[in-house]
Structures are given as C-alpha cells and as structure tokens.
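Let me begin by presenting the structure, written as structure tokens, before commenting on it.
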Amino acid sequence: MSTIDKLNLKSTLLEQFKTFENTLNGKSQKPIHKIRQQAIQSFDGLGFPTTKHEEWKYTNLGKVLKEAYAFGQTSPLQKADIEQFFLPNMPKANNIVFVNGVYQPALSQIVSSEDVLVVKNLEEAYDTHTALVEPHFAQLANSEEEALIALNTAFVQDGVFIHVPANKVVEEPTVLYFINDARNENVGVQPRSLIVIEKGAQATFVDKTDTIGGQASFSNAVMEVVVEPNARMTHYKVQNDQPNASYVGTTQVKQASDSYYANTTISLNGGVIRNNLNIALDGSNVESNMFGLYMLTGNTHVDNHSVADHLKPHSLSNELYKGVLDGKSTGVFNGKIFVRQDAQKTNAYQQNRNILLSDNSSINTKPQLEIWADDVKCSHGATTGNLDEEALFYLRSRGIATNEARALLIHAFGNEIVDKIELEPLRIYLENLVMERLEVQF
Amino acid sequence: MLKINDLHASIEGKKILKGINLEVKAGEIHAIMGPNGSGKSTLASVLAGREDYEVEQGSIEFTGKDLLELAPEERAGEGVFLAFQYPVEIPGVTTINFLKTATNEIRKYRGEEPLDAVQFLKRMKEKTSLVNISQDLLKRSLNEGFSGGEKKRNEVFQMAMLEPKLAILDETDSGLDIDALRIVAEGVNQLKSSENATIVVTHYQRLLEYIVPDFVHVLFDGRIVKSGTKDLALELEAKGYDWIKEEVAAAQ
C-alpha cells in the first residue's frame, strides 16, 4: 500500500527535479548544480528508507510519506504571522527566518555586526565565499548513503550560510526559525544550512521548527556545522510543533582540535520526528556534548540517532538523553560511539534513561560502542522503567498528593537536561513548557 | 489519639501482623521493640499507608477518623508522620523545594493559607538549628549522597517542619554513631509536647536512653506479647529476646 504511494512521492520528486533544472538556464553549469545532479541520482538509487533499513527499523516513514505533500511551495507569510513563534524574552537575538524551507532575508533580522556574524543565501555564498563553502557544503553530510540528505541536497537553493570569522564572539544568540505554511495544503520543506565557526570564534544557536495552519507538514532538514580549532558552538534545538508536523533532520558536525560543540535537543510535541546528530571529533582535545530530553504524549514519535566518531586522541564526548513517554507515544534512542585506532586516550560517555508513564508508550533504545583503540575510557548504558514507587510513597507520606508527587518526580527527571541550558531566556521558556505539560507550578 | 484494634496485615499473601492492639494518647511516647522480622516496620508502614501491605482485619482510629480509609497524603494532612528507616534519595528535587511543597500541601489540606517564601525560610531557619543540619545540605537533592546520619537528621528535620500530631520513628537509630544519635534524640525530645505523641520503633535499647518512653511494647511474630515501662527495655537489653520467645511458646 504505502510502497506505491512512496514510489509516487519519489517519482513526483524526480519529475520535480527535472522541472527545477529547466528553470536554471545558465546556472545549471555551476558547480553547485553538479552536486545537485549527483544527489538526485543517489536519491533515485536509494529511495526513501523503509523499516527494513537497519537505521530505520523503529521509525516508519511510510506512515508519514503516504500523505501527499506539496514541495517547493512559496508562501505569503508576513512577519506578523510568524512572530508568534519567536522565543520570548530575547530582544537582542539574530533571527534567521525560513518559510517553507526557504531562507527569507526580508523576514530575518541580524543584530550582530557584520564583522562578527555573516549570514548569506547559501547558493550566493557558494560564489562569494567559495573558500568557506566549497570544502564543507555537501561534503560533511553524505548524500551517497542517506536518501534524505541526498533529497535535500538535490533541491538545495535558498539555504543559509552562516559564518563567524576567526576569534570573533557573537554575543547575541542566533535563532533559526523554520516556519512551515500548512494553512492551505500539506507542505514538504527542505531547509539547508551551513554554519562555519572559524578558529577561536564562539557562538550560540537555537533552531526551532513550527508549522502554521492545520494541514500536515514534512520537514527534511540538513544542517552542516564546522567548528574550527579552538572554536566553540552551543546549539539548542526546540521541537514543539503540531501533532501532524513530521520532521527528519540531520545535523552533521565536524570539529577540529581544541574545539567545543554542545547540542541540546528538547522534543515536546510533533508527529514523527527523527533527529540525526552526527559528530566527527576530527582533532585532539575536542569536547562534544549531546544532551536531549523528549517528553511525549499522544501519538508523537521521536527517534534520536547520534554518532560520536572519535578520530584523533585525547577527546571527550559526553551524551545524556532522557525520555518521559506518556499516552501512545514512542521513542527511539540509537547512540553510536566510534573510537578509531588513532583515537587513544578517548573519553566517551553515553547514557539514555527513560520513564514510561503509560502502558501504551514504548521506547527502543540501542547504545552502540565500536572501539579500535586500546587506551580509552568509555561507558554506555540505558535504563527504562516506571516512576519510582518508593519515591512516590515518600513524597505522599509527606502530604504531597499523587499527581503533584508524580509531577515533582518527572520534573526533577527532565530538569537535569533543561538545567544544562546556559541561554537563560531559552531555559526559562522550556522550564515553563515542561511545567505546563505537567500541569503544575512549583 | 491512636487506637489500633486487632490489626492483621499481610504482604504478598504472607501474614505479618496477626492482631495488634495499641492505644497511644497525646503527650505519650511509646517504644516498640522486638527481634528482626517481628513486624515492627510493617506496623510503621501500615500506619503511614504504604500500599504494598494489605490490611485484612482490624481497625485504626486516629483522632476520631478511620485512618485506613485515608490515602498516605491525607494521613500526613491529618498529622501522621513516618520517619523512614531507609529515606529515599530523590535526584533533582532539593530538600527545600520538597519541604515547601509538602508544607503547603498539608496547609492546603487543613484549609490554611500557604506560607510565602519569607515565612517558609524563617521557619526553616528556626528548625535547622534543632537538628544541626546545614543550609547547604538542604539545597542539595533530597537525600542524594547524604551519609546515613545526614539522612536520619533530615528525617527529624522534616518532622520538625511538618509538626505532626503522631510521629513514627522507624529504626531511626539504626546505624547511627553516638553523636548523630544524640542529635536525633534531642530533636525528637524538643518537639515533644502534650499535644503530640511519638512511636519509636527500634531494635536497640540504646535510643531509649535518650528518648525516654512512657511505654515499651514487645512485638513478636506479629503481636504485642509484652508491654511495660522503660524498665522492660533495660530487661530486654540485658537478657535479649529469647526469654520472650520462650514465654510466648510456653503460653501457646
């Protein structure tokens, strides 16, 4: 059933690529288009992944893709329509707005000075900032093996290129708002971004996807991130979209020596969500943090796939994902740590902890370690259970009613992740969302 | 204040309490002693409302109310407090936040206005001196990484904050060094009034040198087989529990 529909979507997209190519005229000779052509061939060969694919065993995209989505739709959304999705209490922030996967300079606002933060249309940057774009764009994210990356790459046009020059510190947070206009029809969107933090530079990013309107949306997002020597990037991802908003996103990170990258992904609402967070620790003394909290209800499905690939010695990766699943929600955690032969003295830690609140919720968790070096410290583990009955009784025996006691325990469990958020307005915003979810105030 | 009448309770089909009768009046301290496995902790748990235990027979009346009809949190609201034998570690919940929530939930139950932050902190400051507990400890996650003595002091501190009518100390003395024991006992003594009562469940007579009971009961095989004054505790310390077991066997 869905195989045919998926074939339909695939052939529709292949057709759409031809139409897209015909609009390019002279531009079709550019190097970026060679990349698109290779990518569409890869997509054609690979097709959408099914649950037979090892990495998609527990996430059934077929369910999402059996809906028809209009890809490449323009939208008349204005600033007034999208401001509702802006994070509160961040008056001084660089807001980078995408609508239906297309970067919108007119709706974006950059408050940092241009010598500190460069924000450009990706395709234009390929020409104007070739030395920074060409070595990374479509080089980090692999189109040959990943159908969805290939699909995104094939249609890449109005993405964004973000660049922090060497030794610059971007004081203001940079927030990428990916807004999907599903007021009239189901939309398919493919935002693309490339972030280059040059050596010694420092910046904080947030990305947040929201759908406006009652129809379904399907996002296929790709973000490539380069963190050069001694640079630092803190990256937050907020997922609190409507129940028929589905999302597949790949964040492909490459870190050089002495660099720091921290990703915190908070997933609260949505349809089928798949986050791929792949970090190559391609240098020594690299630190990578991967934190996540998914608090799910209804039919929401969240799949967090991560890779920490230790290529060189003396680096640290630290991963902690926590989940609270209620209703009929489902979760997947798949964390891979690779420690290559050169990567002696690696420290790699990985934890996944889950609480199931209902009989109909479930989680599939799979930590994976592959170690070729012999002098390393690695640990991994996963736990899944119900709320601690003993703790619940302890709280109740002190006069705290069952519902409050449960909320207190769940809040404490999730707060370990929320507490790590250094960007204060974001932390407060998320704390409030979590408490709204628990229907309590502390 | 508390009337336990012919109380029978079991866990997972195993009978533990086999007919407990006990009356505790305001202003009294009762010690319940007995060998391991006699049912002391079960009695404490049943009083606090632990749901793992099934009450098969008998009644518990507390200040005129049927205690067995009440949920654990309602019992706390009525003024029952259990100092746990093994206080639970709760990561991510600070003792301060926990106690603020507990205090105001109990006040809500009693139809009282919640304490604001200033009132709460003032009260907390008063009570910390009672058990010599540091402010730093209270800012940490509840019982997480606390030493045995710190956990027990924290129990008595919670008791001081919540001002129960009936406090049940379940082996609060077990494993404490003499200094910690003194602190805990002094805390309990200072909280004693003509309005409240205490049940001290203990395996050792040592605690009763510091908390002087009005009555001592010996629990054996799910029943109170002997009651007396604090002299009974001294006798138990000197002679052990075997003579009690023999007396029970002879009576049967």
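Computed from a predicted structure; not experimentally measured. Throughout, protein chains are lettered first and strands after them, A, B, ... in sequence-line order, and every chain is numbered starting at 1.
Taking each heavy atom of B:Val93 and A:Leu408 in turn, the nearest pair found is CG2-O, 4.0 Å.
No side-chain heavy atom of A:Phe413 sits under 4.5 Å from any side-chain heavy atom of B:Pro91. Between B:Tyr86 and A:Tyr394 there is no side-chain heavy-atom pair separated by less than 4.5 Å. At least one side-chain heavy atom of A:Ile400 sits less than 4.5 Å from a side-chain heavy atom of B:Phe98.
In this structure, B:Leu47 CG and A:Ser397 OG are separated by 12.5 Å, a value rounded to the nearest 0.5 Å.
In this structure, the portions of B:Arg50 lying under 4.5 Å from any heavy atom of chain A include both its backbone and its side chain. At a 4.5 Å heavy-atom cutoff, the contact between A:Glu390 and chain B is made by backbone and side-chain atoms alike. Contact annotation for B:Leu99: neither backbone nor side-chain heavy atoms come within less than 4.5 Å of a heavy atom of chain A. For a residue to count as touching a neighbouring chain, one of its non-hydrogen atoms must lie under 4.5 Å from one of that chain's; by this rule B:Pro164 does not touch chain A. For B:Gln158, the part sitting under 4.5 Å from any heavy atom of chain A is the side chain, from C-beta outward, and nothing else.
Comparing B:Ala76, B:Ser141, B:Pro72 by heavy-atom pairs within less than 4.5 Å of chain A, the highest count is held by B:Pro72. Looking only at heavy-atom pairs under 4.5 Å with chain B, the residue among A:Asp388, A:Thr402, A:Asn415 that has the most is A:Thr402.
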> Are A:Arg396 and B:Glu74 close enough, and set up right, to give a salt bridge (Lys or Arg N to Asp or Glu O under 4.0 Å), and what steps lead you there?
Replying inline: CA-CA 8 Å; A:Arg396 291 179 71 196; B:Glu74 294 169 325; over 6 Å; no
>> Quick one, B:Ile90 with A:Leu395, criterion side-chain contact (heavy atoms from CB on, under 4.5 Å). Give me CA distance, side-chain angles, the key distance, then yes/no.
In response: CA-CA 10 Å; B:Ile90 305 188; A:Leu395 297 175; 3.8 Å; yes
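Distance alone, capped at 3.5 Å, is enough to place a donor-acceptor pair between the A:Arg398 side chain and the B:Leu82 backbone.
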